[in-house]
There are 2 protein chains.
Amino acid sequence: MNILILSAGTRDKVVEFFKKEFAGVGNVIATDCSPVAPAIYEADKAYIVPMISAPDYIDKVLDICKKEHIDACFSLIDPELSLLAKERKRFEEIGVKTIVSSYDLCETSLDKYRMYQLFNEMGIKTAKCYTSREEFALAREKGEVDYPVFVKPQCGSASININKISTDEELNTLFDIYDGLLIQQYMSGQEYGADVYIDMISGKCTNIFLKKKIKMRAGETDKAVSVKDEEVFEKIISFVEKAGFRGMIDIDLFKNDAGWYFSEVNPRFGGGYPHAYSCGVNMPKYILNNLNGIENPVNIGNYEEGVYMMKYNEIMIRKEDELIE
Amino acid sequence: MNILILSAGTRDKVVEFFKKEFAGVGNVIATDCSPVAPAIYEADKAYIVPMISAPDYIDKVLDICKKEHIDACFSLIDPELSLLAKERKRFEEIGVKTIVSSYDLCETSLDKYRMYQLFNEMGIKTAKCYTSREEFALAREKGEVDYPVFVKPQCGSASININKISTDEELNTLFDIYDGLLIQQYMSGQEYGADVYIDMISGKCTNIFLKKKIKMRAGETDKAVSVKDEEVFEKIISFVEKAGFRGMIDIDLFKNDAGWYFSEVNPRFGGGYPHAYSCGVNMPKYILNNLNGIENPVNIGNYEEGVYMMKYNEIMIRKEDELIE
């Protein structure tokens with residue numbers, strides 16, 4: 001059983017976890033478009049591929065799948081998720097399972113307004129969103145929402161270009177300069193993250209790891225502590241099963257006096273997944289089970305609370321002639 | 001010989017390098033104001049201290065120095081450098097050497113305009129700076145400078161709030177909102193970094209590690225490759241010796257068709273120091289030599305070129321009851 005990790009980038013830990021799980025079982029192969037992506041050097045074998053936007057990208061990946069007898073593949077970056085879902089058939093034709101949610105869900109996850117609509121349909125609380133100044137002004141008149149608001153790209157990744165806005169003047173300035181903006185209700189609350197696994201055979205949510213994000217005095221670095229909450233476990237299970245996600249996903253949430261709010265879904269390994277893994281939530285194992293035709297048992301919240309995770313920088317060193325070409 | 005690393009934060013690698021060098025020689029003690037600072041868990045012993053702005057901060061640090069028989073200390077964060085330099089005498093009174101440049105140089109390094117003036121005095125090329133709109137407008141009239149420019153806080157750290165500005169309107173908006181801004185000539189060029197050691201006994205620049213920063217297609221992560229350049233080595237040696245820096249410092253530079261430009265000096269271990277260390281530029285050893293009264297030999301550029309460094313995230317895990325209080 002060989003697995004291919006696409007766009008491995010700097011996700012060294014994910015590659016490492018798969019290598020541990022696949023030891024004696026098969027190979028872990030990794031790709032990236034850059035030879036200075038440290039994670040590819042953790043794999044059993046690595047390939048440099050074109051950028052995902054290149055016309056021959058999927059062909060090159062399929063070639064690697066054939067050559068390395070790959071059984072399943074997944075990607076670690078957002079823009080590639082829809083692509084894999086869309087090309088799922090071409091992978092299936094050569095016996096490769098694509099570990100990714102449906103094309104529609106991948107696209108929805110990239111679009112903050114579509115995700116807002118999905119949350120609403122599912123009865124999940126989330127911050128209110130508006131795609132135009134007019135719509136927002138109307139909602140303000142009705143008393144539905146007020147400044148401050150976040151203004152962000154509707155389809156942006158990460159927190160790039162997010163602005164907290166308090167006046168019409170600032171709002172107009174941003175809308176005059178940029179297209180494709182979204183106005184989002186500003187809500188305070190404690191931030192949480194959830195690493196979730198949805199069994200690829202049964203479609204059931206089998207594992208959830210919930211962590212409270214720790215805001216540092218100096219800002220900057222990622223720290224979190226494992227927690228449990230039955231109420232949000234129920235909400236997550238219901239949401240991901242009804243929506244139909246598959247495999248590993250990452251959900252951003254927050255909680256305030258009014259309860260739990262969902263803010264974002266990333267249908268891939270989240271950046272904080274090593275925390276879940278270190279607490280025993282072993283997704284490479286669940287994936288391997290699924291690939292072997294074994295359903296994973298539902299095992300929600302079976303981890304220790306009060307485990308702190310603190311990120312820091314490690315480095316990978318390679319001489320020029322050791323770089324993969 | 002025991003050493004104290006203040007505000008260790010997420011600089012796990014630096015603590016690790018000192019532990020390697022001080023093995024069999026003495027202890028490495030670390031502090032931070034937060035119990036979720038991963039680097040403190042790498043040390044032989046760690047203490048949680050007040051924030052550096054607290055009135056009793058230095059007293060608490062001096063207490064630790066006495067209790068742990070500390071011989072020397074240094075800090076890993078910018079705002080603490082001036083503080084250590086200012087309080088140097090109180091440390092010396094209890095036999096503790098503070099590894100830091102002079103108070104004046106630490107303050108200059110925090111202030112982009114003062115550093116600009118220092119570079120000018122030393123005959124070092126750097127981007128032009130203006131502290132007012134009027135001064136900038138005058139220089140524009142004279143044809144000295146033109147848009148685009150960077151507008152940034154005169155005393156800000158890192159790249160927080162840096163804006164690339166192309167019109168008077170944008171410039172005025174920023175100046176109307178914020179105080180203490182600096183207008184800096186926008187210059188393109190290849191970015192470099194230098195890890196530099198200035199012997200604390202001889203005052204000579206003994207080691208320089210030069211690395212070219214690699215811009216990634218996807219942006220985001222830190223990658224660099226070791227390089228050598230005799231011309232910039234000479235410039236760095238002359239600058240740091242004339243200015244009078246001491247110990248480990250980090251210099252940001254760039255190069256374009258007009259030659260080498262200096263942009264910033266951080267009189268502490270730079271974030272990319274592990275790259276230099278992995279190429280044999282062993283500053284913990286040079287520090288230990290100095291503490292033992294041994295001058296380090298001048299040894300500029302004695303490392304391999306073409307060594308690539310790629311950062312990625314590692315995690316430190318601690319249970320609640322294992323956190324240092």
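Order of the sequence lines sets the chain letters (A, B, ...), proteins ahead of strands, with each chain counted from 1.
- Shortest non-hydrogen contact noted between B:Lys13 and A:Asn313 is CG-O, 3.5 Å.
- Residue contact with chain B, scored on non-hydrogen atoms closer than 4.5 Å, is absent for A:Glu169.
- Residue contact with chain A, scored on non-hydrogen atoms closer than 4.5 Å, involves the side chain of B:Glu304 exclusively.
- From A:Ile315, atom CD1 reaches atom OH of B:Tyr273 across 10.0 Å, with rounding to the nearest 0.5 Å.
- If you measure heavy-atom distances from A:Lys319 to chain B, the contacts under 4.5 Å come from both the backbone and the side chain.
- If you tally non-hydrogen atom pairs under 4.5 Å between each of B:Val225, B:Thr173, B:Asp12 and chain A, the highest count goes to B:Asp12.
- Other residues, nucleotides and ligands contribute more than 12 heavy atoms inside 6.0 Å of the NZ atom of B:Lys213.
- Residues A:Tyr312 and B:Met316 form a side-chain contact, since some pair of their non-hydrogen atoms from C-beta on lies under 4.5 Å apart.
- Residues A:Arg318 and B:Val307 are not in side-chain contact: their nearest non-hydrogen atoms beyond the backbone lie 4.5 Å or more apart.
- Contacts between residues 277-286 of chain A and chain B, counted as heavy-atom pairs separated by less than 4.5 Å, involve A:Ser278.
- In A:Asp179, the CG atom is not crowded: 12 or fewer heavy atoms of neighbouring residues, nucleotides or ligands sit closer than 6.0 Å.
- Interface residue A:Leu323: only side-chain heavy atoms are found under 4.5 Å from chain B.
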ask   = Should A:Met309 and B:Val36 be marked as a side-chain contact (heavy atoms from CB on, under 4.5 Å) after you check the CA-CA gap, both sets of side-chain angles, and the distance that decides it?
value = CA-CA 8 Å; A:Met309 182 279 294; B:Val36 285; over 6 Å; no
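- Scanning both residues, A:Lys223 and B:Ala37, for their nearest heavy atoms gives NZ-CA, 4.2 Å.
- Counting heavy atoms from C-beta outward, B:Tyr41 and A:Met310 have side chains that approach closer than 4.5 Å.
- Surrounding CG of B:Asp321 are more than 12 heavy atoms belonging to other residues, nucleotides or ligands, all under 6.0 Å away.
- Residue B:Ile214 holds its CD1 atom at 8.0 Å from OG of A:Ser34, rounded to the nearest 0.5 Å.
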